[in-house]
Amino acid sequence: MTVVEPNAAPLTADGRGPRDPGLPTEDPATSGTAADPGPAGIPDLSADGVEAHAGRMGTAVEDWLADHTAAEAGRPIGPITPIPIPDRPVLPVRVRQLSGRYRSPAGGFQLELRVDVDGRRPLRKLSGDYFTMSGATTSYFGSWTVDGATVSVVDGTMIAVGTARCTWPTTYTVARVTIPRRTLFQPAAPATIQWSTPSGAVGGTYVCAPESTAMRVVELEQDVEAGVTPFAAYDTGSLASGGPARTLTAATAYGEAGIQVLDTGGRNTLATPAGHIWNNASLHGAMTTHFSRWQERAQFKVWLLHAQRHELGTGLRGIMFDQQGLQRQGCASFYQVIQAGTPQNLREQLYVAVHELGHCFNLFHSFHKSFMTPPLPNRPGSLSWMNYPQNYNPGTGAPSGAAAYWGAFPFQFDDLELAHLRHGFRDNVIMGGTPFGSGAALEMPEQPSDPVTDTSGLRLAVRTSPARPVLGTPVVLELELTVDRGQLVHPAELLHPKYGLVQVTISRPRGDTVVHRPPVLHCAEPQLIAARPGQVLPVSAYIGYDAAAGQVFEDPGTYRIRASYTAPDGSVVVSDGAMVRVWGAGGAEDGAVAELLLGDEVGMAMTLLGSDAPALATGMAALEEVAEEHAEHPDAVYARLALGVNAARPFTAVRDDGSVSVRERDLDRADSLLRPAIDASRGVGGLDDLTLVQVMGYLARSHAAEGDRHGARDLRGDASRIAEEKQLPGAALGMLAADEED
């Protein structure tokens with residue numbers, strides 16, 4: 001037989017497709033009596049609904065099974081003389097759940113079929129993944145989804161019909177799935193799917209054996225830092241909330257969504273020293289070297305590190321790593337302020353674990369759905385694991401904020417997220433698949449549009465630094481949020497795009513638009529401050545490297561940049577556009593520096609401000625070459641910045657056996673790299689003003705940590721003078737004051 005594509009019928013010698021004689025093929029339009037439909041015209045297939053129809057549907061199931069068994073045994077099918085028995089109540093017949101995962105036998109194409117028609121929160125959807133079998137290898141071919149199936153029950157057989165979206169071109173888009181209903185005392189029945197064209201031409205048929213009630217299976221590997229008691233379970237009845245009380249773990253939370261999470265066991269303890277503080281570079285290196293199941297291929301396997309503290313402080317609860325190369329394979333949660341086993345802390349430990357793993361499944365925050373590809377409306381009023389409690393805002397004057405969220409939260413994903421987890425195309429869900437936030441969109445993302453009205457009392461301004469970059473120059477975006485009317489807003493440091501409250505879009509000269517996805521996403525406790533009228537909150541962010549697009553500014557030409565900020569009340573404040581022209585290399589040295597700085601590893605190293613991770617060794621070597629061999633080039637200041645910050649902090653290397661080595665700060669090297677970068681930036685060139693002041697504060701904090709209080713005080717004083725000379729907003733000085741308190 002020959003099959004052109006999996007939905008088409010395989011051809012026999014006479015040019016006709018084979019017909020499966022096995023299961024009932026009643027047409028709901030002409031045969032039998034369907035079960036009573038529910039409110040939406042869909043029969044209730046839940047256990048309770050089945051019991052309600054036990055006098056009819058349960059009998060139909062048993063009659064069909066009896067006839068089918070008789071036919072298989074060669075006995076005639078016909079009326080049987082009943083044996084008189086005493087009258088007694090008819091007990092309801094409980095039937096098996098049909099929703100779950102089914103699989104066809106190995107062959108040219110193997111189908112993993114997902115049926116979602118009954119059980120917990122049925123979505124009335126069908127979906128599947130095709131795999132090609134060749135020799136001893138299996139390869140993924142493509143996925144399909146039926147977004148809205150028409151479901152009926154005819155003579156004890158469930159029939160679901162709908163039109164599929166497929167990842168490959170096909171005219172066979174109509175799927176008809178039939179599954180005989182079985183009682184709990186009988187083995188589960190197979191599912192048969194018959195494909196056809198909208199005009200009725202018959203395509204391929206697959207008989208799929210039942211495999212599991214779970215739609216997907218994911219392996220979870222968890223490691224824990226020394227001194228951390230990792231989250232185990234939380235009783236949702238411990239505190240007021242929505243939904244029924246039950247005991248949840250991260251695995252059972254996903255189990256309720258139809259995703260089976262298998263803990264791989266063998267939890268390792270990373271023996272970090274007392275008082276250890278993680279940074280992004282160390283976490284990135286730990287994941288790539290210690291995640292035993294990590295591979296450069298898509299797989300339903302994910303890593304979760306239970307850690308104590310991140311250098312960004314107590315507000316940071318978790319991180320999902322969008323790493324270089326294949327993404328969404330690991331995340332971490334931080335216990336510094338939620339370690340104690342109080343109900344509130346246990347609730348937040350559960351929330352952080354499920355939330356960060358949700359990012360690994362490619363779920364965006366509820367209030368940032370519009371930045372996915374393809375975009376969806378933002379849902380700030382969603383009672384979902386993916387919302388921020390503080391950002392919860394159902395609108396229409398209803399209570400909002402954290403108290404309202406927790407009081408109503410049923411500890412679940414919303415329906416659209418549930419559909420993604422269960423039925424999203426495989427590459428859009430599987431770890432290591434499409435980049436974070438990307439789906440199977442055919443359209444290009446666009447710049448955010450201007451609001452029709454804006455009475456938020458907030459203004460967002462953006463500009464780039466340097467003003468005239470040449471090819472290869474790291475581009476930094478400077479943002480300023482101006483508060484025209486006193487109100488609660490997020491502090492300046494949380495306006496960095498890596499926290500997700502600010503989204504940046506970049507239209508490139510090649511004709512596409514990049515929705516900037518920071519390579520490392522931070523999920524922080526969104527603290528609020530009471531801003532006074534006229535207050536300006538500044539932040540600067542390196543946007544030259546993107547988790548999905550790689551190097552963003554890799555072509556000469558004009559780029560258009562716009563940003564939007566989601567305020568605590570749900571307002572979306574859109575900036576004016578900023579234009580930046582990237583100039584081509586002006587000479588041999590410009591070309592050599594550009595070639596060194598445009599590598600993917602350099603982009604990731606610049607994002608992390610340096611790293612000792614072996615995976616980024618090539619990028620760090622390129623920065624070393626720029627700093628040493630092209631020391632007088634204007635872009636050498638950026639290489640010194642990344643190399644110097646990396647030297648100014650410890651780096652934690654995690655070995656395969658779970659042991660840890662910590663490379664301590666090298667302040668001599670940090671000073672030799674950062675002080676020339678600081679001096680080169682005192683005038684109009686070099687680093688942008690805010691980055692300059694922040695680097696000086698960071699270096700001061702490093703000196704203070706090594707006991708050099710005098711040196712730290714001098715650096716902070718110098719930074720304060722520079723901030724005043726450059727007329728930076730008061731928030732920049734506030735950051736330095738916070739550094740001094742630390």
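None of the values given here were measured: they were computed from a predicted structure.
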Kindly give the heavy-atom pair with the smallest separation between S400 and P394, and that separation in Å.
CB-CD, 4.0 Å

Please examine the side chains of W278 and T272, heavy atoms only from C-beta on, and report whether any two atoms are closer than 4.5 Å.
yes

Classify the ring geometry of W406 against F411: parallel below 30°, tilted from 30° to 60°, perpendicular beyond 60°.
tilted

Could you state the interatomic distance from CG (L460) to CD (E480), rounded to the nearest 0.5 Å?
9.5 Å

Can you confirm whether Y565 sits close enough to H490 that some side-chain heavy atom of one is under 4.5 Å from a side-chain heavy atom of the other?
yes

Search all heavy atoms of N428 against all heavy atoms of N362 and return the closest pair with its distance.
O-ND2, 2.9 Å

Where the side chain of R532 meets the backbone of G486, is there a donor-acceptor pair that is under 3.5 Å apart?
no

Go through it in stages, so that I can follow the logic: the residues are F361 and M431, the test is side chain to side chain contact (heavy atoms under 4.5 Å, CB included), and I'd like the CA-CA distance, side-chain angles, deciding distance and then a yes or no.
CA-CA 6 Å; F361 280 99; M431 295 80 198; 3.7 Å; yes

So, the side chain of R181 versus the backbone of R96: is there a donor-acceptor pair under 3.5 Å, distance only?
yes

The test is side chain to side chain contact (heavy atoms under 4.5 Å, CB included); show your working for L220 and L357 and say whether it passes.
CA-CA 10 Å; L220 171 63; L357 288 169; 4.0 Å; yes

Keeping S241 on the side-chain end and T236 on the backbone end, is there a donor-acceptor pair under 3.5 Å?
yes

Check whether any side-chain heavy atom of R120 sits under 4.5 Å from a side-chain heavy atom of S99, and report yes or no.
no

Does Q222 reach the side chain of P230, with side-chain heavy atoms less than 4.5 Å apart?
no

About how many Å separate OG1 of T652 and CD1 of I277, when rounded to the nearest 0.5 Å?
10.0 Å

Partners passing salt bridge (charged side-chain N to carboxylate O under 4.0 Å, His left out) against D569 (at least two apart in sequence or in another chain):
none

V218 versus Y254: any side-chain heavy-atom pair under 4.5 Å?
no

Please determine, by modelled atom types, if Q97 and T213 share a side-chain donor-acceptor pair under 3.5 angstrom.
no

If I take atom OG1 from residue T455 and atom CG from residue D484, how far apart are they, to the nearest 0.5 angstrom?
12.0 Å

Closest non-hydrogen atom pair between Q339 and G227, with its separation
OE1-O, 4.0 Å

Heavy-atom distance under 4.5 Å between the side chains of I430 and F300, does that happen here?
yes

By salt bridge (charged side-chain N to carboxylate O under 4.0 Å, His left out) - contacts of R101 (at least two apart):
E211

Would you call D454 and R459 a salt bridge, using N to O less than 4.0 angstrom?
no

Among L537, V536, V573, whose side chain to side chain contact (heavy atoms under 4.5 Å, CB included) with T482 holds?
V536

Report yes if the distance between the aromatic ring centroids of Y392 and F409 is under 6.0 Å, otherwise no.
no

Measure across A240 and R347 and return the closest heavy-atom pair with its distance rounded to 0.1 Å.
O-NH1, 4.4 Å

Partner set under salt bridge (charged side-chain N to carboxylate O under 4.0 Å, His left out) for R309, not counting sequence neighbours:
none

Among pairs that include at least one residue of residues 385-394, which meet salt bridge (charged side-chain N to carboxylate O under 4.0 Å, His left out), considering only residues two or more places apart or in two chains?
none

To the nearest 0.5 angstrom, please state how far the CZ atom of R165 sits from the OG atom of S143.
10.5 Å

Residue pairs passing the salt bridge (charged side-chain N to carboxylate O under 4.0 Å, His left out) test with at least one member in residues 231-252, sequence neighbours excluded, are R246-E256

What's the separation between atom NZ in K125 and atom OG1 in T145, rounded to the nearest 0.5 Å?
8.0 Å

Can a donor-acceptor pair be found between the side chains of E219 and T264 at a distance below 3.5 Å?
no

Side chain to side chain contact (heavy atoms under 4.5 Å, CB included) for F413 and M386? Distances and angles first, verdict last.
CA-CA 7 Å; F413 295 98; M386 301 313 296; 4.0 Å; yes

M215 and L421: CA distance, side-chain angles, deciding distance, side chain to side chain contact (heavy atoms under 4.5 Å, CB included) verdict
CA-CA 9 Å; M215 302 291 178; L421 291 169; over 6 Å; no

Are any side-chain N or O atoms of R485 and backbone N or O atoms of S456, one a donor and one an acceptor, separated by less than 3.5 Å?
yes

Short side-chain to backbone donor-acceptor contact, Y405 and N393, under 3.5 Å:
no

Validation: residues 348-356 side-chain donor-acceptor distances under 3.5 Å, sequence neighbours left out:
| unit_1 | atom_1 | unit_2 | atom_2 | d |
| --- | --- | --- | --- | --- |
| E348 | OE2 | R317 | NE | 2.7 |
| Q349 | NE2 | I338 | O | 2.4 |
| Y351 | OH | H355 | ND1 | 3.4 |
| Y351 | OH | N387 | O | 2.5 |
| H355 | ND1 | W385 | O | 2.9 |
| H355 | NE2 | H359 | NE2 | 3.2 |
| H355 | NE2 | H365 | NE2 | 3.2 |
| E356 | OE1 | M320 | N | 3.3 |

Between H516 and P497, the two heavy atoms sitting closest are CD2-CB, 4.4 Å

Side chains of R114 and S127 only: does a donor on one sit below 3.5 Å from an acceptor on the other?
yes

Is there a side-chain contact between Y335 and N345, using heavy atoms and a 4.5 Å cut-off?
no

To the nearest 0.5 Å, what is the distance between OG1 on T566 and CG on N391?
7.5 Å

Side chains of Q308 and H276: do they bring a donor and an acceptor to under 3.5 Å?
no

Side chains of Q487 and L458: does their closest heavy-atom pair fall under 4.5 Å?
yes

Looking only at heavy atoms, what is the nearest atom pair of R328 and D427, with distance?
NH2-O, 3.5 Å

